[in-house]
Protein chains: 2
Amino acid sequence: MGRVSDKRERLVESATKLFHQAGLKDTSIADIAEDSGVPLGNVYYYFKTKEDLVAAVIEQRTEAIKNEARKWDENPDPRQRLLNLLDLQVSKKDEIAQYGCPIGSMCQELDKERPPVASEADGLMEWVLKWITRQFKEMGQKQADQFGLQLTAALQGCGVVANALKDPKIVEREIARLKTWIKEM
Amino acid sequence: MGRVSDKRERLVESATKLFHQAGLKDTSIADIAEDSGVPLGNVYYYFKTKEDLVAAVIEQRTEAIKNEARKWDENPDPRQRLLNLLDLQVSKKDEIAQYGCPIGSMCQELDKERPPVASEADGLMEWVLKWITRQFKEMGQKQADQFGLQLTAALQGCGVVANALKDPKIVEREIARLKTWIKEM
DNA sequence: GTCTATATGTTGATAGAC
DNA sequence: GTCTATCAACATATAGAC
């Protein structure tokens with residue numbers, strides 16, 4: 001057995017980028033093949049269908065966010081964990097203003113599709129909601145469930161509004177407010 | 001000149017419904033023709049391209065929300081106007097949990113497209129943000145801009161989360177909180 | 001204005017040589 | 001495992017009879 005090809009990896013990477021930028025429907029397999037430098041016909045050796053490729057993209061995004069969370073979870077202060085999440089989001093403000101929140105837009109676009117692909121993306125949103133809620137619980141907040149929903153919705157919402165108005169400052173302003181809110185708890 | 005045909009109207013109505021339920025890309029002209037009972041070829045007498053039909057749908061949605069707002073604006077109490085908006089949103093909780101917020105999802109889907117269609121939908125979101133902000137201003141709130149963004153984002157955000165988790169109760173809970181917040185101002 | 005038939009283009013997916 | 005050529009399906013849009 002020789003060197004392992006990185007083509008599969010490159011395909012997922014290109015698909016992740018293009019799906020977010022142009023949307024699922026407007027990104028053809030040919031687009032992904034070209035962007036990743038893999039010949040069209042060869043794509044189907046790694047992914048039997050486009051749906052399989054979409055599933056791989058969701059899996060990759062899921063792993064990425066869970067890895068971030070694992071890092072944050074090493075911090076003993078749940079308040080600081082939330083602030084880390086908010087800081088990450090602010091750092092992506094330009095991307096969010098241009099193309100929307102990667103998780104939110106993917107859930108929305110996939111919800112118009114059939115299961116099981118949709119539920120995988122939705123599962124990621126649910127995981128985020130639960131992770132955020134857990135931090136409030138560990139802070140001893142009795143209204144942890146409400147605050148968890150409130151913060152998750154605020155994050156998604158400022159993404160939608162910032163994307164519609166094409167203004168990264170909207171993400172900045174709203175998340176600055178959220179950080180103050182959490183610090184003052 | 002005889003009776004005016006209502007075909008154009010029926011086409012826009014079907015398109016509005018199907019675009020929201022299935023998404024723009026997954027709704028073909030043939031689908032809209034079938035749903036409205038208009039023969040395929042005849043669609044093009046009323047709308048030269050699919051993009052024209054999309055533009056008509058956005059226009060229709062814009063008129064609908066502006067008409068609602070005109071009614072609410074007759075009320076002298078800006079606080080009550082906001083509560084009316086929130087009540088309307090709660091009444092649509094099932095639709096939102098199933099298909100997402102009509103305005104938010106349309107903005108997001110169109111943003112992946114090219115102008116000028118996208119900017120029309122985005123303009124609607126901006127109009128909503130400004131209308132909400134104006135109510136806070138008329139309430140004498142010095143932080144009206146911040147509250148306007150906060151409420152708009154919260155509304156959009158609970159739509160995204162409710163849609164991902166397919167749970168209308170999420171809309172209910174989050175908007176109940178927002179109503180309390182506004183009443184206590 | 002209305003409708004059928006069809007042109008035209010693009011996409012997801014496959015066949016089969018290497 | 002890799003790649004070219006191509007198929008089959010479907011979408012938008014048009015032609016042209018009525």
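Order of the sequence lines fixes the chain letters, A, B, ..., with proteins taken first and strands second; residue numbering starts at 1 for each chain.
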With sequence neighbours left out, write down each residue that passes side-chain hydrogen bond (donor to acceptor under 3.5 Å, both in side chains) with K7(A), or none if nothing qualifies.
none

Among all residues two or more places apart in sequence or in another chain, which pass the side-chain hydrogen bond (donor to acceptor under 3.5 Å, both in side chains) test with S28(B)?
D31(B)

For a quick test of your reading: what N or O donor-acceptor pairs under 3.5 Å do the side chains of residues 142-163 of chain A make, sequence neighbours left out?
residue	atom	partner	partner atom	Å
Q150(A)	OE1	R177(B)	NE	3.4
T152(A)	OG1	G148(A)	O	2.7
N163(A)	ND2	A97(A)	O	3.1
N163(A)	ND2	Q98(A)	O	3.2

Hey, what bend do you get for the helix from dG1(C)-dC18(D) to dC18(C)-dG1(D) if you fit axes on five pairs at each end, rounded to 10°?
10°

Quick check on contacts: within residues 32-52 of chain B, what sits under 4.0 Å from DNA chain C by heavy-atom distance?
P39(B), G41(B), N42(B), Y45(B), Y46(B)

Excluding sequence neighbours, so at least two apart, what forms side-chain hydrogen bond (donor to acceptor under 3.5 Å, both in side chains) with R79(A)?
none

Could you check how far CG of L53(B) sits from C1' of dT12(D), rounded to whole Å?
12 Å

According to ring-ring contact (aromatic ring centres under 6.0 Å, His included), does anything in residues 56-84 of chain B pair up with another residue at least two apart or in another chain? List the pairs.
W72(B)-W131(B)

Qualifying side-chain hydrogen bond (donor to acceptor under 3.5 Å, both in side chains) pairs with a residue from residues 33-47 of chain B, counting only residues at least two apart or across chains
S14(B)-D35(B), K17(B)-D35(B)

Checking E68(B) now: which residues fulfil salt bridge (charged side-chain N to carboxylate O under 4.0 Å, His left out) with it, not counting sequence neighbours?
K71(B)

Could you tell me whether the phosphate oxygens of dT2(C), OP1 or OP2, come under 4.0 Å of any side-chain nitrogen or oxygen in K7(B)?
yes

dT14(C) P sits how many Å from I29(A) CD1, rounded?
11 Å

dT2(C) P sits how many Å from L11(B) CG, rounded?
10 Å

Under 4.0 Å from any atom of DNA chain D, heavy atoms only: list the residues of residues 13-25 of chain A that qualify, in numerical order.
none

Extract all donor-acceptor atom pairs below 3.5 Å that involve side chains of residues 19-26 of chain B and protein atoms in other chains or at least two apart in sequence.
residue	atom	partner	partner atom	Å
H20(B)	ND1	E95(B)	OE2	3.4
H20(B)	NE2	G100(B)	O	2.7
K25(B)	NZ	D26(A)	OD1	3.2
K25(B)	NZ	E113(B)	OE2	2.8
D26(B)	OD1	K25(A)	NZ	3.2

Carboxylate-amine/guanidinium proximity below 4.0 Å for D52(B) and K48(B)
no

With sequence neighbours excluded, what pairs up with R173(A) under the salt bridge (charged side-chain N to carboxylate O under 4.0 Å, His left out) test?
none

